[in-house]
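Here the structure is a predicted model, which means the values were calculated and not measured. FYI, the numbering just counts along the sequence from 1.
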Amino acid sequence: MNIKNINTIWTFAIAIMMSSLLISCGGTKDLTTQAYTGVDNSLLWKIEGKKLDQPSYLYGTIHMIESQDFFLPDGTLSAVDASSRLVFEIDMTEMSDMSGATELMKSAFMKDNLTLKDLLSADEYSMVNDHFTKMGLPLFLFERMKPMFLTVFASSDFDPNGLKNGSIKSYEMEFMEMATQSSKPVAGLETIEFQMSIFDSIPYENQAKMLVETVKNGDTGSDTFKDMVDIYKKQDLDGMITMISEDE
């Protein structure tokens, strides 16, 4: 596997794992005043209380989004500016560390020299292989990769060069750039190892079935993602909850 292919896998491994952002110390919705009948439409929440010396801000991110759909709600930049540090789901500085990258790449592959051919029927493998070939991603490069990773790659919304050419943006990377420019420290709520262990908690056979279903669904999956983005842009938290609860 050459360096270009490794970089592609590594870039999207980052995108797979990142999600929420806690800005310690702006919408600015107060959690303490929420009724139980629903929540206000806001991706940005202020957390404060009598026993807290300083407020924090919680921001809900989406892993990847088309650049044309990227936006920041009112108050977000003010919240970042007022914060003493940014806390991500995982420590973003670890993602740029070569030792961390090496360990992540190792954990992205199946154990016991298993390959995708060991998990799929001949017809299923042929279908998946054709799908990846059409995307310009030769499947032989990913034979030993855990099927859950391949499921993300197989999505019709996946653009191998999206982050590089600017057609796709990552909220986490945007926030990380803000932290870097303002010299704010960053931290993580979870480790890379813990994130990767989630993949191992699902049997490879089940992961392979998910991959096949994703390829079979084709444009259906794309429509679902577009619906998700629309709900996200509306900051409709109740809509997100409904969509997740209805998803089999």
Give me the atom names and distance for the closest heavy-atom approach of Leu237 to Asn41.
N-OD1, 4.3 Å
Do the non-hydrogen side-chain atoms of Leu189 and Glu89 ever get within less than 4.5 Å of each other?
no
Could you tell me if the side chain of Leu58 sits less than 4.5 Å from the side chain of Ile47, heavy atoms only?
yes
Within the structure provided, determine whether Ile90 and Thr191 are in side-chain contact (heavy-atom separation under 4.5 Å).
no
Smallest heavy-atom separation, Met110 atom then Leu116 atom, equals CE-N, 3.9 Å
Rounding to 0.5 Å, atoms NZ (Lys234) and CG (Asp230) come to a distance of 6.0 Å
Rounded to the nearest 0.5 Å, what's the gap from CE on Met240 to CD on Gln235? Could you check?
7.5 Å
Given 3.5 Å as the limit, does a donor-acceptor pair link the side chain of Asp118 with the main chain of Thr115, or not?
yes
What distance do His131 atom NE2 and Leu150 atom CG have between them, rounded to the nearest 0.5 Å?
10.5 Å
Is there a side chain to side chain contact (heavy atoms under 4.5 Å, CB included) between Leu72 and Met178? Walk through the geometry before answering.
CA-CA 13 Å; Leu72 292 172; Met178 295 178 198; 3.7 Å; yes
Please name the pair of heavy atoms, one in Ile62 and one in Tyr232, separated by the smallest distance, quoted to 0.1 Å.
N-OH, 3.6 Å
Short side-chain donor-acceptor distance under 3.5 Å, Asn165 and Ser167
yes
Do Lys46 and Tyr57 meet the cation-pi criteria used here (NZ or CZ under 6.0 Å from the six-membered ring centre, within 45° of the axis)?
no
With rounding to the nearest 0.5 Å, note down the distance linking OG in Ser170 to CE in Met92.
6.0 Å
Interatomic distance, Met127 atom CE to Lys216 atom NZ [nearest 0.5 angstrom]:
5.5 Å
Tell me, with the steps shown, if Tyr204 and Met148 meet side chain to side chain contact (heavy atoms under 4.5 Å, CB included).
CA-CA 8 Å; Tyr204 293 150; Met148 283 285 284; over 6 Å; no
When you compare the side chain of Glu174 with that of Phe70, does any pair of heavy atoms fall below 4.5 Å?
yes
For residues Leu114 and Arg144, determine if any side-chain heavy atom of one lies less than 4.5 Å from a side-chain heavy atom of the other.
no
Quick check: does any side chain N or O of Thr242 sit under 3.5 Å from a backbone N or O of Asp238, one acting as donor and the other as acceptor?
yes
Would Phe175 and Tyr59 count as a close aromatic pair, with their ring centres under 6.0 Å?
yes
Answer yes or no: does atom NZ of Lys184 have more than 12 heavy-atom neighbours from other residues, nucleotides or ligands under 6.0 Å?
yes
So which atom in Met64 and which in Ile168 form the shortest heavy-atom distance, rounded to 0.1 Å?
CB-CG2, 3.7 Å
Judged by atom type as modelled, is there a donor-acceptor pair below 3.5 Å linking the side chain of Ser67 to the main-chain atoms of Gly166?
yes
Reported CG-to-OG1 distance for the pair Asp81 and Thr76, which is rounded to 0.5 angstrom
12.5 Å
Hey, any chance Val128 and Leu119 share a hydrophobic cluster, counting ILVMFWY side chains that come within less than 4.5 Å of each other, even indirectly?
no
Is there side-chain contact between Gln54 and Glu48, with heavy atoms separated by less than 4.5 Å?
no
Evaluate the side-chain proximity of Gln207 to Thr151: yes if any heavy-atom separation is below 4.5 Å, no if none is.
no
Are Leu139 and Thr133 packed together at the side-chain level, in the sense that at least one heavy-atom pair is separated by less than 4.5 angstrom?
no
I would like to know whether Leu43 and Phe71 meet side chain to side chain contact (heavy atoms under 4.5 Å, CB included); could you show each step before the answer?
CA-CA 11 Å; Leu43 298 173; Phe71 76 105; 3.9 Å; yes
So which heavy atom on Asp69 is nearest to which on Tyr171, and how close?
O-OH, 4.5 Å
Give a yes or no answer on whether the side chain of Ser83 reaches the backbone of Leu86 with a donor-acceptor pair at less than 3.5 Å.
no
Least distance between heavy atoms, Ser84 atom then Pro185 atom
O-CD, 3.3 Å
